[in-house]
**Q** 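I have a structure I would like to understand better, so I am pasting it below and will then ask my questions one at a time.
All values below come from the heavy atoms of this structure, side chains included, with hydrogens, waters and symmetry mates left out. Chain letters run A, B, ... following the sequence lines, proteins first and then strands; every chain starts at 1.
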Amino acid sequence: MSYLKPLFHHPELKKNKVGYLKADYEGVISTLCAGCGHDSISGAIVQACYEISLEPHRLAKLSGIGCSSKTPTYFLSNSHGFNSVHGRMPSITTGANMANRNLIYLGVSGDGDTASIGMGQFVHAIRRNLNMVYIVMNNGCYGLTKGQDSATADFGSVSKAGAHNPYQAIDLVGLALELNASFVARSFSGDKTQLVPLIQAAMSHPGFAFIDIISPCVTFNNNVGSTKSYSHVRAHIESTSQFDFVPREEEITVDYTEGSSAEVELFDGSKIHLSKLAPDWNPTDRNTAVNRLQAAKDHGQILTGLLYINPDSQDLHKKLNTVQKPLNHLKEEELTPEVGVLEKINQSFR
Amino acid sequence: MSYLKPLFHHPELKKNKVGYLKADYEGVISTLCAGCGHDSISGAIVQACYEISLEPHRLAKLSGIGCSSKTPTYFLSNSHGFNSVHGRMPSITTGANMANRNLIYLGVSGDGDTASIGMGQFVHAIRRNLNMVYIVMNNGCYGLTKGQDSATADFGSVSKAGAHNPYQAIDLVGLALELNASFVARSFSGDKTQLVPLIQAAMSHPGFAFIDIISPCVTFNNNVGSTKSYSHVRAHIESTSQFDFVPREEEITVDYTEGSSAEVELFDGSKIHLSKLAPDWNPTDRNTAVNRLQAAKDHGQILTGLLYINPDSQDLHKKLNTVQKPLNHLKEEELTPEVGVLEKINQSFR
Amino acid sequence: MDQQTVVNDLVIRFANVNGTGSASANDMFAKSIFRMGIPITPKNIFPSNIQGLPTWYEIRVNGNGYLGRRAGIDVLVGVNPQSLRRDIDSVRPGGYFVYDSSKKLHNEFIREDINYIGVPMIALSMENYERARLQQLFKNIIYVGAVATLLDIDLEVVKEVIAEQFEKKPKLLPPNYKALELGANHIKENYSYPLPIRLEKTDKVADSILIDGNTACALGALYAGASVMAWYPITPSTSIAKAFETYCKKLRVDPETGKKRYAFVQAEDELAAIGMVIGATWGGARAFSATSGPGVSLMSEFIGLSYFAEIPVVLINVQRGGPSTGMPTRTQQADIISSAYASHGDTKHPLLFPSSPAECFEFTAQAFDLADRLQTLIMVISDLDLGMNNHMSPPLQWEEGRNYDRGKVFTAEELENMTEEFGRYLDVDGDAIPYRTYPGTHPTKGSFFTRGTSHDEYAKYSELGEVYQSNVDRLAKKWETTKGLMPKPEFYQEVNQSKELGLVFFGTTAYAAIEAMDQLKDGGVIIDSMRVKSFPFPSEVKEFINTHERLFVVEQNRDAQFRTLLINELDIDPSKLIPILNYDGTPITADTIQKQIQEKLGVEV
Amino acid sequence: MDQQTVVNDLVIRFANVNGTGSASANDMFAKSIFRMGIPITPKNIFPSNIQGLPTWYEIRVNGNGYLGRRAGIDVLVGVNPQSLRRDIDSVRPGGYFVYDSSKKLHNEFIREDINYIGVPMIALSMENYERARLQQLFKNIIYVGAVATLLDIDLEVVKEVIAEQFEKKPKLLPPNYKALELGANHIKENYSYPLPIRLEKTDKVADSILIDGNTACALGALYAGASVMAWYPITPSTSIAKAFETYCKKLRVDPETGKKRYAFVQAEDELAAIGMVIGATWGGARAFSATSGPGVSLMSEFIGLSYFAEIPVVLINVQRGGPSTGMPTRTQQADIISSAYASHGDTKHPLLFPSSPAECFEFTAQAFDLADRLQTLIMVISDLDLGMNNHMSPPLQWEEGRNYDRGKVFTAEELENMTEEFGRYLDVDGDAIPYRTYPGTHPTKGSFFTRGTSHDEYAKYSELGEVYQSNVDRLAKKWETTKGLMPKPEFYQEVNQSKELGLVFFGTTAYAAIEAMDQLKDGGVIIDSMRVKSFPFPSEVKEFINTHERLFVVEQNRDAQFRTLLINELDIDPSKLIPILNYDGTPITADTIQKQIQEKLGVEV
Ligand SMILES: Cc1ncc(C[n+]2csc(CCOP(=O)(O)OP(=O)(O)O)c2C)c(N)n1
Ligand SMILES: Cc1ncc(C[n+]2csc(CCOP(=O)(O)OP(=O)(O)O)c2C)c(N)n1
Ligand code: SF4
Ligand code: SF4
Ligand SMILES: [Mg+2]
Ligand SMILES: [Mg+2]
């Protein structure tokens, strides 16, 4: 059941550089629960795409199954979308990316979709450094099937029914770092200021850009004792840095105090600007990220922001050494060897 | 095609405490390639079980599919075995363990079986801290399907055909640590001295005991340039410690120099004795394990030995709070509620 | 719009918003009718979402005890503005539309051919209750009071049901009663009541219970001694797991130690779930899983292993609308072929088709005996309609002293006394069922190596053609043994009288089929009928088909999948079997069946 | 043991040890016969292991061009001590056993009814070569020389084949030639030669090639423009991937940049492999995967998605012995039902059944056109015998200027000029095939949301029964369209003459079936026959069946799965279709077919 969104919802009637209104980046009205964290993330995606003046058809959005995986209908109606099957978004995205390297691939998944049934595909998309943005809307539970604990639910976290989770949580960020993901970030659905530039940077990153976004499930996992509740997360957030994304064409206008900021240039010429909250912080050093993350966990804190980026990221097309022209553009002349070649092949089997 | 092994292969005709000869722990003759690392590991398993006087029927051996997964036929013929399907040994073992908590579960897998198709089940068996020994016979390739790179093949490692692997390796030990596995070790098929006590300790550990054993594939991945070749591994091994396993009943007879050794007491009263090669080494501290592992990798070294053990490990039965009596021993009286109870239930639906 | 009085025969539908607490009010309403001794058939029609979308609750009331869905809505209680247009349109001419008259109904919503009954639900609620949440909740009770009065439901019965519901929160009773009265009084003061379609106490319910099939399946597993459940959440099967856990917590905890006599494992996916079940039954416990179509597809490889390695498995498939993710909250019977022949290679799996919650209970319990006896996977084929809706059903029954049939398992003692070598796949008894042993049974005898590769009678690997063939031929022979052990079909009307016409159906289609049979009889068409309960088909199934000239096979899928099974397994001439199909996701109705049969008869005459 | 001379008609088998380099010697031997213009059928019979177990290489030589396997071994070259007993037993009475006489053959190995020919292979090799590795290798060439001489194979032809093999290592030629002569001379000096069963140059090969089906499939995909292959290793399909990569490296690399015009991705498992293919074709590339039974089972869920969301997919299923892991190195045709009806819900998938490498090439190429045209998954159903063994085949053909049929895809221009709204699932042309668009095509038009849930004609989510039903009814209609596009069957002998008996077969069964037909004819039984090439069945299939009274359906599985498809899809009376089955993992022989048919005829007369 979906409705066209009435236009008056959107005061931003200013066109961006490619001539689109913010409304052009929206989707149909959400059917998620009122207050669901996932809707805030959809909003951030809309905002991010509008701001960087992305032509919507230059992006493809893909997802698995779950409340989170429904969100691609709620943003970017002018982009092709693919709501696939449970836990298998990464393989679909891999194929799509192989077919056409010229698009931006935005994958959306849930913690059930990724950390349980989709674990294998998640790990291997990272291993291949597939050029995509991979967002997990992480609520520590299975929203759509009514609130069972997911594998990211923290040890001891209390469910709505009052049960304490006896399992260690899978920390997707820790996992992504261990697996050498080339862009690893964590954020919070309630922190749009951080989220929007993170998504923009992820879209500029030429490789696997992972953003684990804690996104409270207001219906099933927002109770006292849940470590994925809105209030718990708000209270325990610790940020690596303040974060700015500067698209290639824009000049940097902000002045940063020397030493307190770091700049990372991305492949497409865009820049990430980090005003560091911790002086020893270097977003291109994986080992410190691992240790900082662990330290935060030990203190019951949730570390957010960009944790690690590999500026020399080589994506799957690079690894496979494919042609620049998207494979789906190749025609008979470029794909089918000549008839004479076949005769030679026949000859080799006589 | 399997043959009975002629008895003269075994000079050890001494019975162990439970009255078994070493031959009683063997299986049918291996059909693996002559020199395959996997056969050495089978040998170590036989040795380990014989030495600790395990009654063979007290152990169940399970595997997936691959050359490695064939090995359970080559040891412990008197134990029940289960050669399941590709990548799914962990789930079978989980079920078996739920049915009967009184047996020792020894799972054997390959790097293809675990790090590719079996990734999800591997991760979740760790998450549940399933009480089992999980051995990966890691040769960096798919032996049985004729030598394709596996996901544990190192970046840049050269295949028999001369191709350089463009993908980052999945380090199963790093992964297990990240996932809070309660017992994490790495070893080498060529190092029986280390392997035997490691396997024994793993069998005494009440939780998920992971041993990643580098096991060269002499047919497909033993060439120059392969980082899983026998000679490469031999040359790059770095050991955390010298390792002794002391079963409960035995007294410690060796004297260790003070300060240079650590002792870990296991759940069943057995002890692990480590004569430390590095003075700052503490096998019960996960963070140092992570860092030492990373440091070794940075230096191109392969760290072997027991890397981490959690002496407070709580296995899945503990988490689920199941009865002490194996579930498969329960009878009608203990399982089926009385007929009167059903009448009450009916009443509640009227 | 004058009408004749109709007693105990109507369809009432509530149009609500998902997640607003109306479900509990509607349930109490339904139960009150049931308590009056009148058979009812409630159906939840809900979206694949958690909150905010239209959801319907429909109750068919039928004094004759017909339990199928019936089309045509007599009374619609419409409290969801989103679906108002559609809801009003769905009322049958002459029917009643009960709405919240707190705001005036717009002219465009007025149909001339139906009756409007306004109840200022939210206005009354706001007048009488303070907290917004309560205003929402009591609004629901207000319409219950109003509709109860319109239909002549005894308010005391409703109060009794409410009292049971809030047994542990007696403080809530007075405000609930008050809301009920508010609604009732509004009707009494403003409308003539009861309506010409109304209810009357009767005794058609006897000792029946009102329960959903999933709960019954869970209880069946509990009574049958399942001690391991491994599962992955998927609609519409999830509530089996939930119910199993709930009842186990009550009934399977050691009172002294507080420890559990069951292991309940939420797996990481369906592949792992079925793997755990296979491992657990291999280990000697009774274990099961419950899933739906997509889960069965994912389990396919493992299902082949259980077939070939002969490992008992109980799997409940609560079917939903396919293919793919399909219609996750709608019903179908469209996994027949994919269940019967799941997995590559020559594989076949016994299926059980319960038609009622009582059968869900009994067949789930039997599935464990059959699985252990036959050492193979048994699938209980339910569907969303049966699994998630309440059904009037005979009570669940368990005979005093009933024992489990654990099948052919050698004990330590038997092994000890054995002189010949144990052969895991030896057909010792001639019924093609071999003996097994559990791991850990005996120190030196009875161990074997289970594998999915081809093996000889001693479970040893073999690539020899003749060894392979004699093994799969034994499996084919076991299939013959299986036929003799499966529940027999049930016959209705004049059975096997070599009549011209026959009707064949299974599962939830039974309700509508039986009603259609009576309707056809009224129209002069006499049809014998048979409800099939199991696959492979017991010999009676073929006999019935053989002794009839033409048979209608009724099922809820597009491709007439059950008909395929009949043709293929019984070598029946397809021209004899005429498909009667319904596959739009709603439960089939008697009218649909009757109409389609009449059309086919018409065409063919 | 005197014998009549038999020319160009024999079966020779080499018994070797896995992994000892005999494969290449055996191949050269076979090719030499082929070069003499004599049709041959080589088969590798290998274990599921890498090294050290018995492996056999069998060549049927038949001057009449019968290409099926034939039972009964005329000459056995036994160089594997492990299998000696079995090998000697397998020689037909009067046949020849060639062995390594370096050591004396034990008495227990002497059969009175066969001929023994000793060649001191290893002794000769050790005398003449120094390095152990070379001694091993040249031992193989020595027996080639000996057997060539026994059978009267022109040694010059063998040398020519050796020369081609070592084209890039000419230094190896002299020692190879020498080994050949060593073997030949030993025969010449010690035995009367040639044997009564011997070979003679002929011209029955014409322009045929000797190639395995997997290589042909790979080349078909290459020529059809597949640019993405995603796969997971599994016997017997792996060599498709290997061949595809090998030829792509040669023929699909941009000569200027060295960059690849293909993406070759080894997936982490079969679920990921098929997911990548679905993603890639959704993205507008031609993509495919190859697997075997266990892989298809694992792909089941995704296969349902491709059916329901209408995404073109080409999947090659090289069948092996099932169920479960089964017999991974043996052949069967036992994935027919699981392929045709893969996945839960109402699903059906078109299948193509190649019978020869030339058809592997052509059908794989056509599969891409059909998938794009029909927007659905097309499975090419091969098997281990066809895929991994060399077969004499017509040459592969590609017509000059042949274009791809990419089906109904709107371009940016077409979208730009469109006035009506684009509807992804609108049946615009009445053939039930809708139009699609690739992502990124047009800035504002043509985007849509692909989903596995039920959807309307504009790809929007819908739970409405009528919307769902009209969509799946269109899919059923598309199935009708499909029938018209699939390759038509091929008929042999006197077709559709309303004869009494018919023979139906498909895939690799063709070789043996055609031979059996001739054998039966010789025995006075005339049978029409039809080779089916595709499913859903074109109308000709039904016509053929209708015009014959009784038909034998020959297939290589236990459950007569193909017969099930015929009965179910064509509404055929099962009693008309008599199954002829072979399922022990070896390719079916003409004798088996003939014998079974005669038995059935006998019984029924
Ligand atoms: C194969 C399969 N199994 C199970 C399901 C049922 N299912 C739908 S969503 C979901 C979990 C979703 O959890 P998550 O990914 O965390 O998303 P959320 O709803 O919490 O955003 C499950 C198990 C399914 N659709 N497909
Ligand atoms: C579902 C499935 N896919 C593929 C295969 C084929 N297969 C057999 S073994 C194997 C890989 C084995 O590699 P690994 O686990 O590393 O074992 P190794 O042989 O190297 O010891 C594969 C892909 C299979 N048996 N089942
Ligand atoms: S159930 Fe939870 S995750 Fe799903 S829409 Fe509601 S709040 Fe969001
Ligand atoms: S192929 Fe490799 S892994 Fe397999 S048996 Fe041979 S050496 Fe071992
Ligand atoms: Mg979630
Ligand atoms: Mg390996």
**Q** List the steps and the verdict of side chain to side chain contact (heavy atoms under 4.5 Å, CB included) for C:Glu421 and C:Tyr458.
**A** CA-CA 9 Å; C:Glu421 193 189 342; C:Tyr458 296 87; 3.7 Å; yes
**Q** Give, as side chain, backbone, both or neither, the part of C:Tyr223 having an atom under 4.5 angstrom from any heavy atom of chain B.
**A** both
**Q** Side chain from CB out, backbone as N, CA, C, O: work out which of these in B:Leu330 comes under 4.5 Å of a heavy atom of chain C, or both, or neither.
**A** side chain
**Q** Could you walk me through whether C:Tyr438 and C:Phe410 satisfy the ring pair (Phe, Tyr, Trp, His ring centres under 6.0 Å) test, starting with their C-alpha distance in whole Å, then the side-chain angles of each, then the deciding distance to 0.1 Å, before giving a yes or no?
**A** CA-CA 8 Å; C:Tyr438 303 148; C:Phe410 280 131; over 10 Å; no
**Q** For B:Thr73, which atoms come within 4.5 Å of any heavy atom of chain C: side chain, backbone, both, or neither?
**A** both
**Q** Of the backbone (N, CA, C, O) and the side chain (C-beta and beyond), which part of B:Asn100 lies under 4.5 Å from a heavy atom of chain C, both, or neither?
**A** side chain
**Q** Can you tell whether the side chains of B:Lys70 and B:Asp39 come within less than 4.0 Å, N to carboxylate O?
**A** no
**Q** Chain C: which of B:Lys61, B:His124, B:His329 shares the most heavy-atom pairs with it under 4.5 Å?
**A** B:His124
**Q** Is the ring pair B:Phe208/B:Tyr134 parallel, tilted or perpendicular, if the boundaries are 30 and 60 degrees?
**A** tilted
**Q** Does C:Arg286 count as lying over the ring of C:Phe368, i.e. NZ or CZ under 6.0 Å from the six-ring centre, within 45 degrees of the axis?
**A** no
**Q** Taking all non-hydrogen atoms of both residues into account, name the closest pair between B:Ser313 and B:Asn129 and its distance.
**A** OG-ND2, 2.8 Å
**Q** Quick one: what part of C:Asn403 sits under 4.5 Å from any heavy atom of chain B, side chain, backbone, both or neither?
**A** both
**Q** Using a cut-off of under 4.5 Å on heavy-atom pairs, state which of B:Leu327, B:Leu342, B:Leu320 scores highest against chain C.
**A** B:Leu342
**Q** Give a yes or no on whether a salt bridge exists between C:Arg35 and C:Glu160, defined as a side-chain N under 4.0 angstrom from a carboxylate O.
**A** yes
**Q** Which atoms of C:Phe302 come close to chain B, meaning under 4.5 Å heavy atom to heavy atom: side chain ones, backbone ones, both, or neither?
**A** side chain
**Q** Does any heavy atom of chain C fall under 4.5 Å from the side chain of B:Arg58, the backbone, both, or neither of them?
**A** neither
**Q** Side chain, backbone, both or neither: which part of B:Gln347 has a heavy atom under 4.5 Å from chain C?
**A** neither
**Q** Rounded to the nearest 0.5 Å, what separates atom OG in C:Ser454 from atom NZ in C:Lys460?
**A** 14.0 Å
**Q** Which atoms of C:Trp398 come close to chain B, meaning under 4.5 Å heavy atom to heavy atom: side chain ones, backbone ones, both, or neither?
**A** both
**Q** Using a strict threshold of under 4.0 Å (side-chain N to carboxylate O), is an ion pair present between B:Glu343 and B:Arg350?
**A** yes
**Q** Quick check on C:Tyr262 against chain B: is it the side chain, the backbone, both or neither that has a heavy atom closer than 4.5 Å?
**A** backbone
**Q** Using non-hydrogen atoms only, which part of C:Val205 is less than 4.5 Å away from chain B: side chain, backbone, both, or neither?
**A** neither
**Q** Where on B:Val341 is there a heavy atom nearer than 4.5 Å to chain C: the side chain, the backbone, both, or neither?
**A** both
**Q** Is it the side chain or the backbone of C:Val228 that comes within 4.5 Å of chain B heavy atoms, both, or neither?
**A** side chain
**Q** Looking at every heavy atom in both B:Leu130 and B:Leu316, which two are closest together, and how far apart are they?
**A** CD1-CD2, 4.1 Å
**Q** Any idea which of C:Thr437, C:Thr453, C:Thr444 has the most non-hydrogen atom pairs under 4.5 angstrom with chain B?
**A** C:Thr437
**Q** Does any N or O in the side chain of C:Arg252 come within less than 3.5 Å of the main-chain N or O of C:Tyr247, such that one atom is a donor and the other an acceptor?
**A** no
**Q** For C:Gln266, which atoms come within 4.5 Å of any heavy atom of chain B: side chain, backbone, both, or neither?
**A** backbone
**Q** So what's closer than 4.5 Å to chain C heavy atoms on B:Ile65: side chain, backbone, both or neither?
**A** neither
**Q** Under a 4.5 Å heavy-atom cut-off, does chain B meet the side chain of C:Asp207, its backbone, both or neither?
**A** both
**Q** Which bit of C:Leu305 comes within less than 4.5 Å of chain B, counting heavy atoms only: side chain, backbone, both or neither?
**A** side chain
**Q** With a 4.5 angstrom heavy-atom cut-off, is it the side chain or the backbone of C:Ile274 that approaches chain B, or both, or neither?
**A** neither
**Q** Let me know if C:Thr215 has heavy atoms under 4.5 Å from chain B in its side chain, its backbone, both or neither.
**A** side chain
**Q** Non-hydrogen atoms of chain C under 4.5 Å away: do they reach the side chain of B:Leu103, the backbone, both or neither?
**A** side chain
**Q** Could you go through B:Ser109 and B:Phe122, starting from their C-alpha distance and side-chain angles, then the distance that decides it, and tell me whether this counts as side chain to side chain contact (heavy atoms under 4.5 Å, CB included)?
**A** CA-CA 10 Å; B:Ser109 179; B:Phe122 174 65; over 6 Å; no
**Q** Which bit of C:Lys250 is near chain B, if near means a heavy-atom gap under 4.5 Å: side chain, backbone, both or neither?
**A** neither
**Q** Only pairs of heavy atoms separated by less than 4.5 Å count here; which of C:Ser208, C:Ala287, C:Cys248 has the most with chain B?
**A** C:Ser208
**Q** Mind ranking B:Leu62, B:Val85, B:Thr94 by heavy-atom pairs under 4.5 Å with chain C and telling me who comes out on top?
**A** B:Val85
**Q** Say whether, by atom type as modelled, one donor and one acceptor occur between the side chain of C:Lys445 and the main chain of C:Leu415 under 3.5 angstrom.
**A** yes
**Q** Pick one of side chain, backbone, both or neither for C:Ala230, based on which atoms fall under 4.5 Å of a heavy atom in chain B.
**A** neither
**Q** So which atom in B:Gly120 and which in C:Glu268 form the shortest heavy-atom distance, rounded to 0.1 Å?
**A** O-OE2, 3.8 Å
**Q** Does the pair C:Glu362/C:Arg402 count as a salt bridge with the N-to-O cut at 4.0 Å?
**A** yes
**Q** Measure distances from B:Pro72 to the heavy atoms of chain C and classify the residue's part below 4.5 Å as side chain, backbone, both or neither.
**A** both
**Q** Parallel, tilted or perpendicular, judged at 30° and 60°: which one describes the rings of C:Phe308 and C:Tyr468?
**A** tilted
